[in-house]
S.K.: 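Quick one: structure below, then a few questions.
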Amino acid sequence: MSKTGLDAYKFDQTKEVIDASKKVRVGIIGTGWIAEAHVRNLKSMPDVEIISGADLIPGKAEKFFEEAGLENVKLYPSHKELIDAGGIDAVCVCTYNSTHAECAIYALEHGLHVMLEKPMCVTLEEAVAIRKAEKASGKVLSIGFQPRYDDNMKMVKQIVQSGALGDIYYIQTGGGRRHGIPTPFGTTFIEADKGVIGAMGDIGCYSLDMVLNAIGYPKPLTVSGYTSDFMGKDPDFFASEGHPEYTDIFGVEDFAAGFVRLEGGIILDFRIAWAMHLDTPGDTIIMGKKGGLRIPSTECWNGTIGGDLKMYQRIAGKDVVTTFPMMPPREKSNFYYKMRGFIDAVKGEGGTTVSSEEIIINQAIIDAIIKSNKLGREITVEIPEI
């Protein structure tokens, strides 16, 4: 019997079955804040062994694994030494943005599977190099977009893919924080040589993925972009947090906007902020020829939606609104399911990954916004076939 009404948009949640007799040996590259989530979730999996770790800062890795309660982890001062030592099947790349590409490529070239934290990298050229290394290696590469595993995000995609909205022609998306430049975790997010890209690399890539994944990741054709750093460069901003010196360190964007023409005649209007004098730059809206979808924004991007989804249609001459109540949280975190999907893929047991074939498009848009802003004009985007 076919599903009707809201049931037509529900999806099955199968209970996971883990074969602990086949273990995946993992190395952790970079032991900063995000590595904590990687290790915490991997530790809970009976088919994973954390074998090694690496960090450029002397003593940092030792302290990290001690606090994580992991003994006998082999430690190295660089990703190359960790990878060259062997004894592992996969790595988690948890370094700052500017080193994502070199770490991922070296691992793939040495026959390792890679869980690469977002953003994929910092330029389109780097994304192309990663994609080439992945295809040449034949190994699993997944990019760290845990919102993909949120049931509400899946609902967004199912609504769009169902055809209820018809052909999509305009999307507005973005979001951000009223006051949320991520300096509590140190300054690597805001330093030009480490973060390279700011709000777009931290949370903007998630917002782009939410809508691009829903519509099948069409390629961008042209981009007109704008970035600014007014909040980060305001002497009063960091002074109020007790770190006035951060103003001089700040070297990335805290706000970005882009007007993107996509394949299929779709317009994408994007904006993202780490800090602004607003509570939100607006809800996400997806406009189609048969209907529209409103996705409420969140106060601080947290990997899900900010309220019930609403689909607007005109049926039999009447304006109709269908409400899709927010799905309750799953048993475990989205981050767990991201890591679980990667491990299952490495073991050849199905699994789910966020493919570089898609995220290279995400990266191309971010890169084009930066380049367009520098040139002060719209630019054409060309992603080579790999």
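Throughout, residue positions are numbered sequentially from 1 according to the sequence presented.
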S.K.: For the residue pair N362 and I143, establish whether any side-chain heavy-atom pair is separated by less than 4.5 Å.
M.R.: no

S.K.: Is there a continuous path of hydrophobic side-chain contacts, each under 4.5 Å between heavy atoms, that joins I370 to F255?
M.R.: no

S.K.: Are there over 12 heavy-atom neighbours, none belonging to K22, within less than 6.0 Å of that residue's NZ?
M.R.: yes

S.K.: Counting heavy atoms not belonging to R340, are there more than 12 under 6.0 Å from its CZ?
M.R.: yes

S.K.: Is the shortest side-chain heavy-atom distance between H100 and E117 below 4.5 Å?
M.R.: yes

S.K.: Work out which heavy atom in V252 is nearest to a heavy atom in G195; give both atom names and the distance.
M.R.: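 Where V252 meets G195 most closely, the heavy atoms are CG1-C, 4.4 Å.
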
S.K.: Mind running side-chain contact (heavy atoms from CB on, under 4.5 Å) on K139 and L112 for me, showing each step along the way?
M.R.: CA-CA 7 Å; K139 296 300 179 180; L112 296 178; over 6 Å; no

S.K.: Heavy-atom count check: over 12 atoms from other residues, nucleotides or ligands less than 6.0 Å from E382 CD?
M.R.: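 Not buried by this count: 12 neighbours or fewer within 6.0 Å.
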
S.K.: For the hydrophobic clusters of this structure (ILVMFWY residues joined by side-chain heavy atoms under 4.5 Å, transitively), does one cluster hold both I369 and Y226?
M.R.: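 Hydrophobic grouping puts I369 apart from Y226.
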
S.K.: Above 12 or not: heavy atoms from other molecules or residues under 6.0 Å from NZ of K347?
M.R.: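 Yes, enclosed.
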
S.K.: Side chains of T304 and N152: is there a donor and an acceptor less than 3.5 Å apart?
M.R.: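 The criterion, which ignores hydrogens and geometry beyond distance, is satisfied for N152 and T304.
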
S.K.: State whether K135 and E385 are salt-bridged, where the test is any N-O pair (Lys NZ or Arg NE/NH1/NH2 against Asp/Glu carboxylate O) under 4.0 Å.
M.R.: no

S.K.: In the single-linkage hydrophobic clustering (I, L, V, M, F, W, Y; side-chain heavy atoms under 4.5 Å), do I379 and I361 co-cluster?
M.R.: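 Different hydrophobic clusters.
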
S.K.: Please check: side-chain N/O of D234 versus main-chain N/O of F230, any donor-acceptor pairing under 3.5 Å?
M.R.: no

S.K.: So F250 and F238, would you call those rings parallel, tilted or perpendicular, with 30° and 60° as cut-offs?
M.R.: tilted

S.K.: Out of I130, I105, I197, which one pairs with C121 under the side-chain contact (heavy atoms from CB on, under 4.5 Å) rule?
M.R.: I130

S.K.: Are the charged groups of R271 and D269 less than 4.0 angstrom apart, N to O?
M.R.: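 So R271 pairs with D269 through a salt bridge.
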
S.K.: Salt bridge check: are E81 and K74 linked by an N-O gap of less than 4.0 Å?
M.R.: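 No salt bridge links E81 with K74.
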
S.K.: Working to the nearest 0.5 angstrom, can you tell me the gap between I168 CD1 and K290 NZ?
M.R.: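 Taking CD1 in I168 and NZ in K290, the distance rounds to 11.0 Å.
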
S.K.: In terms of side-chain geometry, is the basic nitrogen of K63 or E66 positioned less than 4.0 Å from the acidic oxygen of its partner?
M.R.: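 No, this pair does not count.
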
S.K.: Between CD1 of I57 and CZ of F64, what distance do you get to the nearest 0.5 Å?
M.R.: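 Between I57 CD1 and F64 CZ, I get 13.0 Å after rounding to 0.5 Å.
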
S.K.: Less than 3.5 Å apart, any donor N or O on the side chain of Y106 or D84 sitting next to an acceptor on the other?
M.R.: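 D84 and Y106 do have a side-chain donor-acceptor pair below 3.5 Å.
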
S.K.: When you look at CD of E36, are more than 12 heavy atoms from neighbouring residues, nucleotides or ligands closer to it than 6.0 Å?
M.R.: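 Yes, the 6.0 Å shell around CD holds more than 12 heavy atoms from other groups.
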
S.K.: Could you tell me which non-hydrogen atom of D47 sits nearest to which non-hydrogen atom of A20, and how far apart they are?
M.R.: CB-CA, 4.0 Å

S.K.: If hydrophobic clusters are built from ILVMFWY residues whose side chains come within less than 4.5 Å, do M200 and F185 share one?
M.R.: yes

S.K.: State, yes or no, whether a side-chain contact exists between R131 and E134 at a heavy-atom distance under 4.5 Å.
M.R.: yes

S.K.: In this structure, are over 12 heavy atoms from other groups packed under 6.0 Å from K219 atom NZ?
M.R.: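 Check passes, neighbour count above 12.
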
S.K.: Can you check whether V260 reaches V381 side chain to side chain, under 4.5 Å on heavy atoms?
M.R.: no

S.K.: Report the distance from atom CD1 of I249 to atom NZ of K233, rounding to the nearest 0.5 Å.
M.R.: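 Here the interatomic distance stands at 9.5 Å.
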
S.K.: Do D279 and E299 have side chains that get closer than 4.5 Å, going by heavy atoms?
M.R.: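 The answer is no; the side chains never approach within 4.5 Å.
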
S.K.: Can you tell if the side chain of L124 reaches within under 4.5 Å of the side chain of I360, non-hydrogen atoms only?
M.R.: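 Yes, their side chains come closer than 4.5 Å.
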
S.K.: NZ of K60: more than 12 outside heavy atoms within 6.0 angstrom?
M.R.: yes

S.K.: Would you compute the distance between atom CD of E102 and atom CD1 of I29 and round it to the nearest 0.5 angstrom?
M.R.: 10.0 Å

S.K.: For L268 and L208, run side-chain contact (heavy atoms from CB on, under 4.5 Å): C-alpha distance rounded to whole Å, both residues' side-chain angles, the deciding distance at 0.1 Å, then the answer.
M.R.: CA-CA 9 Å; L268 172 60; L208 287 171; 3.8 Å; yes

S.K.: When rounded to the nearest 0.5 angstrom, what is the spacing between NZ in K43 and CG in N41?
M.R.: 11.0 Å

S.K.: Is it true that the side chains of Y312 and D319 contain a donor and an acceptor less than 3.5 Å apart?
M.R.: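 D319 and Y312 do not have a side-chain donor-acceptor pair below 3.5 Å.
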
S.K.: May I ask you to test the I359-Y217 pair for a side-chain heavy-atom distance under 4.5 Å?
M.R.: yes

S.K.: Please check if M339 and I18 belong to a single hydrophobic cluster, counting links between Ile, Leu, Val, Met, Phe, Trp and Tyr side chain heavy atoms closer than 4.5 Å.
M.R.: yes

S.K.: Take Y337 and E331 through the test side-chain contact (heavy atoms from CB on, under 4.5 Å) and record every step on the way to the result.
M.R.: CA-CA 10 Å; Y337 293 113; E331 179 184 359; 4.0 Å; yes

S.K.: With a 4.0 Å cut-off on N to O distance, would you call R177 and D202 a salt bridge?
M.R.: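 Yes, R177 and D202 are salt-bridged.
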
S.K.: A side-chain contact here means heavy atoms from C-beta on lying under 4.5 Å apart; do N373 and E253 qualify?
M.R.: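 In short, these two side chains do not touch, never coming nearer than 4.5 Å.
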
S.K.: Would one find more than 12 heavy atoms of other residues, nucleotides or ligands at under 6.0 Å from atom NZ of K332?
M.R.: yes

S.K.: Does the pair R40 and Y336 meet the rule for a side-chain contact (heavy atoms from CB on, under 4.5 Å), with working shown?
M.R.: CA-CA 9 Å; R40 180 172 64 253; Y336 172 86; over 6 Å; no

S.K.: Please give me the minimum heavy-atom distance between I28 and A35, naming the atom from each residue.
M.R.: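 Shortest heavy-atom contact: CG2-CB, 4.2 Å.
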
S.K.: Give a yes or no answer on whether the side chain of Y149 reaches the backbone of T352 with a donor-acceptor pair at less than 3.5 Å.
M.R.: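 Yes; judged by distance alone, with no hydrogens or angles, the pair exists.
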
S.K.: Could you measure the distance from the CZ atom of R377 to the NZ atom of K371? Nearest 0.5 Å is fine.
M.R.: 11.5 Å

S.K.: Is any NZ, NE, NH1 or NH2 atom of the basic residue among R25 and D89 found under 4.0 Å from an Asp or Glu carboxylate oxygen of the other?
M.R.: yes

